[in-house]
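Input: a single structure, listed below in structure tokens.
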Amino acid sequence: MSYLETTKDIYKKAAETPDVGLCCTTTPVWAFPGLEIPKIMQQMNYGCGSTVHPRDLVNNPKILYVGVGGGMELLQFSYFSRQPEGVIGVDVVDEMLAASARNFEEAAESNAWFDPSFVTLKKGDALSLPVEDESVDVAAQNCLFNIFHEEDLKKALKEMYRVLKPRGRLVLSDPVSEDEMPESLKQDEQLRGLCLSGALPLKDYIKMITDIGFGTVEVRAKRPYRILTPTQYDTPESIYIESVEVCAIKDPMPADGPCVFTGRTAIYTGKDECFDDHNGHILLPNQPLAVCDKTAGNLEALNSPDIWVSPSTYFYDGGGCC
């Protein structure tokens with residue numbers, strides 16, 4: 001049995017008997033006016049963060065969500081795309097698709113605006129999506145891609161890139177870890193399926209995204225997720241795992257490499273009217289400007305006493321330099 005078959009078995013059981021502790025997240029369940037989320041959807045929220053960000057969801061977008069869970073994020077996405085087939089949910093597990101369909105019927109009873117026709121559920125594999133090229137505005141996945149070994153992860157990212165329209169957005173939430181993951185844990189099919197041993201370092205995770213061709217990457221949040229201790233797992237040292245929320249934008253790749261925002265800010269404190277780096281970035285006196293890591297590095301390299309650059313906060317909410 002391959003590790004992907006093991007994963008299917010885990011989520012088949014989680015569809016048949018909701019497992020509240022399968023994926024725990026400190027991310028709040030976003031509340032929107034007029035949106036009531038059925039309790040069963042919250043119990044089947046098998047994610048490690050959130051992929052629902054209102055600034056991604058303007059102008060009635062067409063949305064793809066891979067790995068449907070209990071349907072909670074599909075319902076949230078429908079809130080912003082109230083149109084027949086506005087949201088596509090793809091999953092490889094028949095039982096999860098059936099559970100989500102039942103949950104949407106319950107959601108329709110408590111949400112007058114919602115019609116189950118807003119969501120189209122499709123049987124399909126993240127490695128070969130049943131979706132046309134350049135047909136969606138937003139693609140999302142929550143705590144699924146970390147399960148894949150790296151070659152499969154590349155395939156899944158390429159598929160998301162393929163189906164996105166130009167300047168479309170890929171929104172992801174996955175566990176990451178800067179601690180070394182022992183090979184015995186990486187190869188443990190059950191632990192991979194439980195989202196515990198496939199966590200990459202954040203830098204490697206982002207590089208896999210930009211290597212596919214995404215020109216801009218935003219790290220929107222990073223939070224504590226799990227601790228794997230020697231008393232519980234086959235590891236000589238405790239492993240600290242965080243959950244990260246990332247948005248990758250399918251825009252052209254800059255000649256000098258991708259723009260990756262990790263929550264860095266630059267402030268100019270000099271006496272001139274402004275500071276212009278002659279590369280598209282103008283700093284006004286004492287006005288903080290969010291900058292990508294590339295620009296932050298260039299500004300730091302100037303060694304100017306009039307320019308202060310913050311470290312990464314791993315929280316970025318738009319308004320940046322690029």
Side-chain angles (χ1 to χ4, degrees), residues 4-23 25 29-32 34-52 57 60-132 135-145 147 156 159-160 163 171-173 193-195:
L4 293 176
E5 289 299 318
T6 299
T7 300
K8 286 174 62 176
D9 286 345
I10 291 171
Y11 289 93
K12 174 183 176 180
K13 293 174 183 176
E16 295 171 339
T17 304
D19 185 350
V20 177
L22 182 60
C23 290
T25 172
V29 176
W30 300 121
F32 301 114
L35 173 61
E36 295 291 333
I37 300 175
K39 183 177 180 181
I40 185 63
M41 284 187 172
Q42 297 185 46
Q43 291 174 337
M44 297 178 68
N45 177 26
Y46 303 136
C48 62
S50 177
T51 61
V52 182
L57 303 172
N60 260 357
K62 189 73 172 283
I63 302 159
L64 166 68
Y65 189 77
V66 182
V68 300
M72 186 183 81
E73 287 188 282
L74 290 163
L75 176 64
Q76 291 173 312
F77 281 127
S78 295
Y79 183 89
F80 295 92
S81 186
R82 304 183 185 189
Q83 55 185 311
E85 301 181 355
V87 180
I88 303 168
V90 173
D91 205 298
V92 73
V93 180
D94 291 322
E95 292 79 5
M96 198 66 79
L97 291 167
S100 292
R102 291 193 300 270
N103 293 346
F104 290 136
E105 295 297 332
E106 182 175 337
E109 295 176 4
S110 55
N111 292 276
W113 59 268
F114 176 69
D115 190 305
S117 69
F118 294 170
V119 181
T120 299
L121 295 172
K122 293 187 177 184
K123 173 75 174 287
D125 192 325
L127 307 181
S128 181
L129 291 169
V131 180
E132 294 180 0
S135 61
V136 298
D137 301 287
V138 177
Q141 69 82 27
N142 195 336
C143 209
L144 168 64
F145 282 11
I147 293 171
E159 278 293 277
M160 291 295 225
V163 303
V171 190
L172 314 100
S173 180
L194 292 171
C195 305

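Under the salt bridge (charged side-chain N to carboxylate O under 4.0 Å, His left out) criterion, no residue pair touches residues 104-113, with sequence neighbours excluded.
Geometrically, Arg102 does not engage Phe104 in a cation-pi contact defined by less than 6.0 Å to the ring centre and at most 45° from the axis.
Side chain of Tyr11 to backbone of Tyr46: no donor-acceptor contact under 3.5 angstrom is found. With hydrogens and angles disregarded, a donor-acceptor distance shorter than 3.5 Å links the side chain of Asn142 to the backbone of Cys48. Checked by atom type and distance alone, the side chain of Gln42 pairs as donor or acceptor with a backbone atom of Ile37 at under 3.5 Å.
For Asn60, there are no side chain to side chain donor-acceptor pair (under 3.5 Å) partners two or more places apart in sequence or in a different chain. For Asn103, the side-chain contact (heavy atoms from CB on, under 4.5 Å) criterion is met by Ile40, Met41, Met44, not counting sequence neighbours. Under the ring pair (Phe, Tyr, Trp, His ring centres under 6.0 Å) criterion, Phe80 pairs with Phe32, not counting sequence neighbours. By the side chain to side chain donor-acceptor pair (under 3.5 Å) test, Thr51 is found to be paired with Glu73, residues two or more places apart in sequence or in another chain being considered. Lys39 meets the side chain to side chain donor-acceptor pair (under 3.5 Å) test with no other residue; sequence neighbours excluded. Every residue two or more places apart in sequence or in another chain was checked for a salt bridge (charged side-chain N to carboxylate O under 4.0 Å, His left out) with Lys62, and none qualifies. Not counting sequence neighbours, the partners of Glu85 by the side-chain contact (heavy atoms from CB on, under 4.5 Å) test are Thr120. Residues that satisfy the side chain to side chain donor-acceptor pair (under 3.5 Å) test with Gln83, not counting sequence neighbours, are Ser81. For Lys123, the salt bridge (charged side-chain N to carboxylate O under 4.0 Å, His left out) partners are Asp94, not counting sequence neighbours.
Interatomic distance, Gln76 CD to Asn45 CG, rounded to the nearest 0.5 Å: 8.0 Å. Considering CD1 of Ile10 and NZ of Lys12, their distance stands at 13.0 Å, rounded to 0.5 Å.
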Acceptor/donor pairs from residues 124-132 side chains to any protein atom, 3.5 angstrom cut, sequence neighbours excluded:
{"from": "Asp125", "atom 1": "OD1", "to": "Leu127", "atom 2": "N", "distance (Å)": "2.8"}

